[in-house]
Amino acid sequence: MIVIKVTLSKKGQIVLPVALRNRYGLKKGDKLAVEEVEGAILLRPIPRNPLLALRGKYRTKGQEKLTDILLRERRLDREREEW
């Protein structure tokens, strides 16, 4: 674990060292989540598009794609509407 010292400004701001910004790919305007965990302050990068970060995370092998399920349901709805 590397410990880097930063200073809090009058406005409550800190500057993340360039080495950390580069390591985590942080750029101007990126968001960080601030959490308090067991008496410590934790900064966690928030993905630029949180929905894209979840893509494929909950899929299991052999599971049918959600898109296929939705298309099948829509096709069944259309057939019912025609009756």
Side-chain angles (χ1 to χ4, degrees):
M1 177 172 79
I2 298 172
V3 177
I4 300 171
K5 184 177 174 181
V6 296
T7 304
L8 192 66
S9 75
K10 288 181 183 180
K11 292 182 176 183
Q13 299 168 325
I14 62 169
V15 174
L16 293 176
V18 70
L20 288 175
R21 293 193 311 260
N22 289 340
R23 182 180 305 155
Y24 292 96
L26 297 172
K27 295 183 175 39
K28 179 182 176 182
D30 284 351
K31 307 264 187 237
L32 299 173
V34 180
E35 300 176 47
E36 184 178 4
V37 180
E38 299 176 11
I41 299 170
L42 176 68
L43 297 175
R44 189 180 312 245
I46 296 174
R48 287 178 188 91
N49 187 335
L51 295 178
L52 289 178
L54 293 174
R55 182 174 43 197
K57 184 172 184 170
Y58 298 105
R59 187 166 181 205
T60 58
K61 290 182 180 179
Q63 185 178 12
E64 189 175 7
K65 290 182 182 178
L66 180 58
T67 307
D68 294 336
I69 295 170
L70 293 172
L71 287 172
R72 184 177 60 243
E73 287 181 8
R74 181 60 188 126
R75 195 169 28 252
L76 290 172
D77 287 343
R78 261 191 257 125
E79 289 174 5
R80 285 188 212 116
E81 290 171 1
E82 292 173 0
W83 285 29

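Bear in mind that the values here come from a model prediction, so they are computed numbers and not experimental data.
Distance check: R74 CZ to E81 CD gives 5.0 Å after rounding to the nearest 0.5 Å. If you take CG on L26 and CD1 on I46, they are separated by 11.0 Å, rounding to the nearest 0.5 Å.
Linking ILVMFWY residues whenever their side-chain heavy atoms come closer than 4.5 Å, directly or via other members, places L43 and I4 in the same cluster. Residue V37 is not grouped with residue L32 when hydrophobic side chains (ILVMFWY) are merged at heavy-atom distances under 4.5 angstrom, including chains of intermediate members. Hydrophobic clustering places L16 together with L8 (ILVMFWY residues linked when any side-chain heavy atoms are closer than 4.5 Å, directly or through intermediates). Under the 4.5 Å side-chain heavy-atom criterion for Ile, Leu, Val, Met, Phe, Trp and Tyr, L20 and L42 are members of distinct hydrophobic clusters.
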Residues V34, I41; criterion side-chain contact (heavy atoms from CB on, under 4.5 Å); working and verdict: CA-CA 7 Å; V34 180; I41 299 170; 3.9 Å; yes
Check step by step if side-chain contact (heavy atoms from CB on, under 4.5 Å) holds for Q13 and V6. CA-CA 10 Å; Q13 299 168 325; V6 296; over 6 Å; no
Please step through salt bridge (Lys or Arg N to Asp or Glu O under 4.0 Å) for the pair K27 and D30, ending with a clear verdict. CA-CA 6 Å; K27 295 183 175 39; D30 284 351; over 6 Å; no
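Within 6.0 Å of atom CG in L76, more than 12 heavy atoms from other residues, nucleotides or ligands are found, so the atom counts as buried in its surroundings.
Considering L70, I69, L71 as possible partners of T67, the one that fulfils the side-chain contact (heavy atoms from CB on, under 4.5 Å) test is L71.
When the salt bridge (Lys or Arg N to Asp or Glu O under 4.0 Å) test is applied to E79, no partner is found at least two apart in sequence or on another chain.
In this structure a side-chain-to-backbone donor-acceptor pair under 3.5 Å is missing from R44 to E35.
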